[in-house]
Protein chains: 2
Amino acid sequence: MDAKDTRKARAGRKANDVKADLIAVVVAVTDGHPCVLTIGQANALPSDPFEFDHRSLQSGLRAWVEQQTGQPLGYIEQLYTFADRDRIGAENPQRVISISYLALTRQEYARDSAKPCWGSWYDYFPWEDHRSGTPPVVLDVLRPRLIEWAQGAPEVEARRERQRRAAVAFGFDDLGWNEELVLQRYELLYEAALIEEAARGGQHAGALAPMPGRSMVADHRRILATGIARLRSKIKYRPVVFELMAPVFTLLQLQRTVEALAGRLVNKPNFRRLIEQQELVEETGETTTETGGRPAKLYRFRHAILDETVIAGTKLPLARS
Amino acid sequence: MDAKDTRKARAGRKANDVKADLIAVVVAVTDGHPCVLTIGQANALPSDPFEFDHRSLQSGLRAWVEQQTGQPLGYIEQLYTFADRDRIGAENPQRVISISYLALTRQEYARDSAKPCWGSWYDYFPWEDHRSGTPPVVLDVLRPRLIEWAQGAPEVEARRERQRRAAVAFGFDDLGWNEELVLQRYELLYEAALIEEAARGGQHAGALAPMPGRSMVADHRRILATGIARLRSKIKYRPVVFELMAPVFTLLQLQRTVEALAGRLVNKPNFRRLIEQQELVEETGETTTETGGRPAKLYRFRHAILDETVIAGTKLPLARS
DNA sequence: CCCCTTATAACCAGATTGACTATAATTGGA
DNA sequence: TCCAATTATAGTCAATCTGGTTATAAGGGG
């Protein structure tokens, strides 16, 4: 396991070479719709083979997505690196590593209008939008099928286990909805074969009941789920929402964007208090009447805040001060 | 950018094949010392070329580290995938992708005692241990050198900017120490050429003053910094500390482990309250007198908690209930 | 038997949070 | 013009959480 040893060993076996792909989850929010950039028939995330001349992963992705969308990317973050391609047909003899990224931008139509398009991510995950209460698909479709799946386990213990997992993931039995469990929910549905992608292996090749949500190529929907989960978590402790906003905005517009991402409604007065006390925004002095009733103050993001207090803080009960 | 297109295109250019390495940050805590598993002259993290027959990255790493350390790994999490190897001499014509992982275990001597060894991570980052107050190296060595570095900027604006960055990262000017900024501090020191790794490029090849902290091969120290930062953040919202504890432990032992990781002291009564109200532990009924004074109750981790309330919760001010 | 050390319990004030109520300023229509 | 509807913004209040301190219990060693 010495560095020299491994280097020497590698030279002999070309078989261990791999392909590397970059896959991007590019997100924008337009009037209440959290949108994701897709290609093809809106069933694939944009991806690009990793080129040798990329100076780094991050910069390579940035340049490429900016060229694709004609829009500067505000924020990029690495999501996850996938290599277990068990779920895809193993027709490809060479191993592929997918390095996935989350990128935030504002929606703009791409130059090459032929290919890329924006679509609400709730088209792919209709069970994730709880802004108007629990969506019907959860109670009418998923719940009965998940109960059925749980009953299908051979042993009593396994049945209980499945039921508990479903209840936690979807908030059954008054456990409450947790909007961050996007990936857990997707994987649970996959395991229960309630997701179209799960049927591709050929095991469940028969004619099945229609499955909820628009499917995607390969494991792209899983990657999208990872991105949504990450973003829903991140907006709570980092001011990344502003990357999705226009330069000036009203507090309600900001709130609507957060709600679109979280898939839940938030309490208006408390949301305002939260934003103001964190000093994340400053008034522009202008107001807008385009919102309907009383004119709303316009705000802009205080970019200085990024330098000042880099991180929210602690949850450890530190000693002395 | 269609899936078929890229597949077709790839077939023609073998040049874009890459090597993939797995690199592991394996952590254990032994009586107050946060230890990391190293190889060589304790200057490299264990790494392994990614094999074709690994079923997945995670399982491959788990099997390999368990074989290396003779110890079951409790927890594994992907850290980051690095591909920008600018910092290393570009002698290698082929691109290498490093997929790094964080793994938690309890310390045990490896079977093959020749190679792997455990060392305190504060040997590599002496400025990160604030349990006995701000360490001397920060005030006596780093601060003057960082000020010097800041003054070395050509323009006034750049000087201010450097000073501010140093102050935020190290808590100068009463900004307060933030233990999570491990990576930012390392990269700042690297940029200021106060890190041995930064001098390897040959730019600063002259005889230099000794630099703080034990250095590592390639960018391994940067990866270790990433792992420490991730762990320091994670212990605050996920019960991962218990992966580092013996099956039964006293609350003070648990506290000392957290303190070792965070590099800071915590308030004892408040720490106890935090642990108890989260119902993370249960009493075994036993006590131990090995701790010195009054016998301490022994506790064990409630594994059931992992199923029950998967995630701490929200910071969004949600509406209604 | 006293002192020292560690463990455990109880307490209190200030800050934060969740939920609700009241008032202000527009637009659009009667 | 004036009223109703709509949206914005300010304020209140109790419950909870947090940081910190103090007091008491239970062992070991001189």
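So you know, we letter chains A, B, ... as the sequences are listed, proteins then strands, and number each from 1.
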Subject >> Mutual orientation of the aromatic rings belonging to A:H130 and A:W177 [parallel < 30°, tilted 30-60°, perpendicular > 60°] >> reply: parallel
**OP:** Please state how far atom NZ in B:K315 lies from atom C1' in C:dG18, giving the value in whole angstrom units.
**Re:** 16 Å
**OP:** Measure from CG on B:N270 to C1' on D:dG20 and round the result to the nearest Å.
**Re:** 7 Å
Original post:
Mapping A:G293 and A:L274 to their closest nucleotides on DNA chain C, which lands nearer the 5' end?
Top reply: A:L274
Subject >> Distance, rounded to the nearest Å, where A:R294 contributes CZ and D:dA10 contributes P >> reply: 7 Å
**OP:** Mark yes or no for whether A:R230, through its side chain, and A:Q78, through its backbone, hold a donor-acceptor pair below 3.5 Å.
**Re:** yes
Original post:
Whole Å only: how far is the CG atom of A:L316 from the C1' atom of D:dT18?
Top reply: 13 Å
Original post:
The side chain of A:E276 lies closest to which of these nucleotides: D:dT9, D:dA10, D:dG27?
Top reply: D:dA10
**OP:** Take the protein atom CD of B:E283 and the nucleotide atom P of C:dA7, then report the distance between them rounded to whole Å.
**Re:** 15 Å
**OP:** Remember a base hit wins even if backbone is also touched, and classify B:L251 as base, sugar-phosphate or nothing at under 4.0 Å, heavy atoms.
**Re:** nothing
**OP:** Could you tell me the separation between the NZ atom of A:K297 and the P atom of C:dT26, rounded to a whole number of Å?
**Re:** 12 Å
**OP:** Assign the ring pair B:F125 / B:W127 to parallel, tilted or perpendicular, where the plane angle (0 to 90°) is split at 30° and 60°.
**Re:** perpendicular
Subject >> B:R272 side chain, from C-beta outward: closest of C:dG18, C:dA7, D:dG19 >> reply: C:dA7
Subject >> Aromatic plane relationship, A:F301 with A:F242 - under 30° parallel, 30 to 60° tilted, over 60° perpendicular >> reply: parallel
Subject >> Separation of C:dG18 P from A:R264 CZ (nearest whole Å) >> reply: 12 Å
**OP:** Find which nucleotide of DNA chain C each of A:Q277 and B:R273 is nearest to by heavy atoms, and output the residue with the more 5' nucleotide.
**Re:** B:R273
**OP:** Look at the side chain of A:P295 and decide which nucleotide, out of C:dA7, D:dT21, C:dA25, has an atom nearest to it.
**Re:** C:dA25
Subject >> B:Y75 versus B:E77, side-chain donor and acceptor atoms under 3.5 Å >> reply: yes
**OP:** Look at all strands and tell whether B:K268 reaches a base, only sugar-phosphate, or nothing, counting heavy atoms closer than 4.0 Å.
**Re:** base
Subject >> Whole-Å distance separating the CG atom of A:N267 from the P atom of D:dA8 >> reply: 14 Å
